[in-house]
Protein chains: 2
Amino acid sequence: MQNSEAMALSAALLAVAGGLVQRIHDGVVARGFEGVRPMHGFAFTRLAPDGATVTDLAVHLGVTKQAASQLVDDLVRKGYAERHPHPVDARARLVVMTERGRACTRAAEEAAAEAVREWSEVLGEAEVRELARMLPRIAPGGPIRPAW
Amino acid sequence: MQNSEAMALSAALLAVAGGLVQRIHDGVVARGFEGVRPMHGFAFTRLAPDGATVTDLAVHLGVTKQAASQLVDDLVRKGYAERHPHPVDARARLVVMTERGRACTRAAEEAAAEAVREWSEVLGEAEVRELARMLPRIAPGGPIRPAW
DNA sequence: TTGGATAGTCAAGTTGCTTGACCATATGGT
DNA sequence: ACCATATGGTCAAGCAACTTGACTATCCAA
């Protein structure tokens, strides 16, 4: 594969990713969740199972713990998360999602499903399933970092 | 396809995109082009054919023309682009890439090819070709907007 | 020729991150 | 038991990449 073809593939991938983020964000806003930024969604995926500490979040998002702390401030102020005392470590605080936060993630899932449905109309469901099989195999494991 | 599956597919796509941007950026830096940000690459793709005006760039990148102008300032200061008088419109200025700028895009293409080659090792070349066929069909046409 | 649209820049404000400094609590070696 | 060091978290200040607002120069159509 030529370098220029690799670049074209990369550009297409980034265009799809950028469009998808925009679609999900618009869908979440349209469902009544204002003031939430796409990066909050990445935070939600880490908080959802059992909550997380600020430091956990910082590692997951690939930012400093100060930045993660500010992000949590924002989520708390907007009613999406709460800080609780940590059950076993008095230094730490466990950040957990509120019901409103969980509702917001459901809205994001619905919006994502809408976008994927449109892909199915173009590619067919079989190919979308193939996408869903291929992408996780080449996804890096590290922090979710926009980085551009 | 369930909503949660759509979300998992989305997450995988965004992880791949984030990793790819990081890979390309690292590769460009490793080839000796410092102080260049990923967004500059998107600007290069618009400048490469015949140059572009600041307003063209702003539309392409999805930012204000002031932001585009600042970005061009930066590219000029770092030797990747030059401002020339526009051949037919005395208000406008044509921004064109320097040889160093073109060398930088070649470095980005090499880095992209490296990343894609690693995908081939995991998925096989046939599936990567299939990716290259599918993604452009679902890529939105609008501005290249990171948006998160 | 003149009034409004367009290309571009300058200046100031906002925001989301960073680095640096600091306190509280945990942990492990002696 | 005690202290040195590591770790979790926050406060404060700074920075970089955008934004909005205001302005000049040029184009173009009535």
Side-chain angles (χ1 to χ4, degrees), chain A residues 18 21-22 25 29 34-44 46-47 50-78 80-96 143-148, chain B residues 18 21-22 25 29 34-44 46-47 50-78 80-96 143-148:
Chain A
V21 169
Q22 192 68 51
H25 183 251
V29 170
E34 303 234 358
V36 60
R37 293 183 307 114
M39 194 165 191
H40 292 155
F42 299 128
F44 288 163
R46 185 69 181 76
L47 294 177
D50 301 298
T53 66
V54 163
T55 300
D56 288 338
L57 261 186
V59 171
H60 178 68
L61 297 176
V63 299
T64 60
K65 57 184 180 175
Q66 291 92 325
S69 184
Q70 291 171 9
L71 189 141
V72 170
D73 286 345
D74 204 35
L75 291 179
V76 169
R77 193 178 324 114
K78 288 169 178 161
Y80 296 111
E82 289 171 345
R83 285 188 226 251
H84 292 163
H86 194 284
V88 301
D89 188 337
R91 295 170 302 176
R93 313 175 67 178
L94 196 60
V95 180
V96 300
I144 305 287
R145 196 71 206 284
W148 77 72
Chain B
V21 169
Q22 192 69 51
H25 183 251
V29 170
E34 304 235 355
V36 60
R37 295 182 306 114
M39 194 164 192
H40 293 154
F42 298 127
F44 287 165
R46 186 67 181 77
L47 294 178
D50 301 299
T53 66
V54 163
T55 301
D56 287 339
L57 260 186
V59 171
H60 178 69
L61 298 175
V63 299
T64 61
K65 58 184 181 175
Q66 291 93 325
S69 184
Q70 291 171 9
L71 189 142
V72 170
D73 285 345
D74 205 35
L75 290 179
V76 169
R77 194 178 324 115
K78 286 168 179 161
Y80 295 111
E82 290 171 345
R83 285 189 227 251
H84 291 163
H86 194 285
V88 302
D89 188 337
R91 296 169 302 176
R93 312 176 68 178
L94 195 61
V95 181
V96 299
I144 305 287
R145 195 74 204 282
W148 78 71

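Residue numbering restarts at 1 for every chain, and letters A, B, ... go by the order of the sequence lines.
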Notebook entry, point to check: Has the side chain of B:Gln66 got a donor or acceptor atom sitting under 3.5 Å from an opposite partner on the base of D:dG21?
Noted result: yes
Sequence neighbours excluded, the answer for side-chain hydrogen bond (donor to acceptor under 3.5 Å, both in side chains) partners of B:Ser69 is none
Between NZ of B:Lys65 and C1' of C:dT6 the distance, given in whole Å, is 7 Å
Just N and O in the side chain of B:Arg83: are any of them under 4.0 Å from OP1 or OP2 of C:dA7? no
Report task. Taking the side chain as every heavy atom from C-beta outward, state whether A:Val72 and A:Arg83 have any pair of such atoms under 4.5 Å apart. Result -> yes
- Query: Can you list the steps and then say if B:Leu71 with B:Leu61 is a side chain to side chain contact (heavy atoms under 4.5 Å, CB included)?
  - Reply: CA-CA 11 Å; B:Leu71 189 142; B:Leu61 298 175; 4.3 Å; yes
Can you tell whether the side chains of B:Arg77 and B:Asp73 come within less than 4.0 Å, N to carboxylate O?
no
Between NE2 of A:His40 and P of C:dC17 the distance, given in whole Å, is 8 Å
Scanning both residues in full, the closest heavy-atom pair of A:Val95 with A:Ala81 reads CG1-CB, 4.1 Å
The reported gap from NE2 in B:His40 to CG in B:Asp74 (rounded to nearest 0.5 angstrom) is 4.5 Å
Phosphate OP1/OP2 of C:dA7: any B:Arg93 side-chain N/O under 4.0 Å: no
Sorted by number, residues from residues 67-78 of chain B placing a heavy atom under 4.0 Å from DNA chain C are B:Ser69
Does OP1 or OP2 of D:dG9 have a side-chain N or O of A:Thr53 closer than 4.0 Å?
yes
d(A:Thr53 OG1, A:Arg46 CZ) to nearest 0.5 Å is 7.5 Å
Taking every heavy atom of B:Pro38 against every heavy atom of B:His25, the minimum-distance pair comes out as CD-CD2, 3.7 Å
(Q) Base, sugar-phosphate or nothing for A:Thr64? Non-hydrogen atoms, less than 4.0 Å. (A) base
Separation of C:dA7 atom C1' from B:Leu94 atom CG, nearest Å, is 13 Å
Between CG of B:Leu61 and P of D:dA17 the distance, given in whole Å, is 14 Å
Find every protein N or O atom lying less than 3.5 Å from an N or O atom of nucleotides 26-28 of chain C, and list the pairs.
from   : atom 1 : to      : atom 2 : distance (Å)
C:dA26 : OP1    : A:Ala90 : N      : 2.8
C:dA26 : O4'    : A:Arg91 : NE     : 3.4

A:Val54 vs A:Arg93, test: side chain to side chain contact (heavy atoms under 4.5 Å, CB included). Steps then yes/no.
CA-CA 8 Å; A:Val54 163; A:Arg93 313 175 67 178; over 6 Å; no
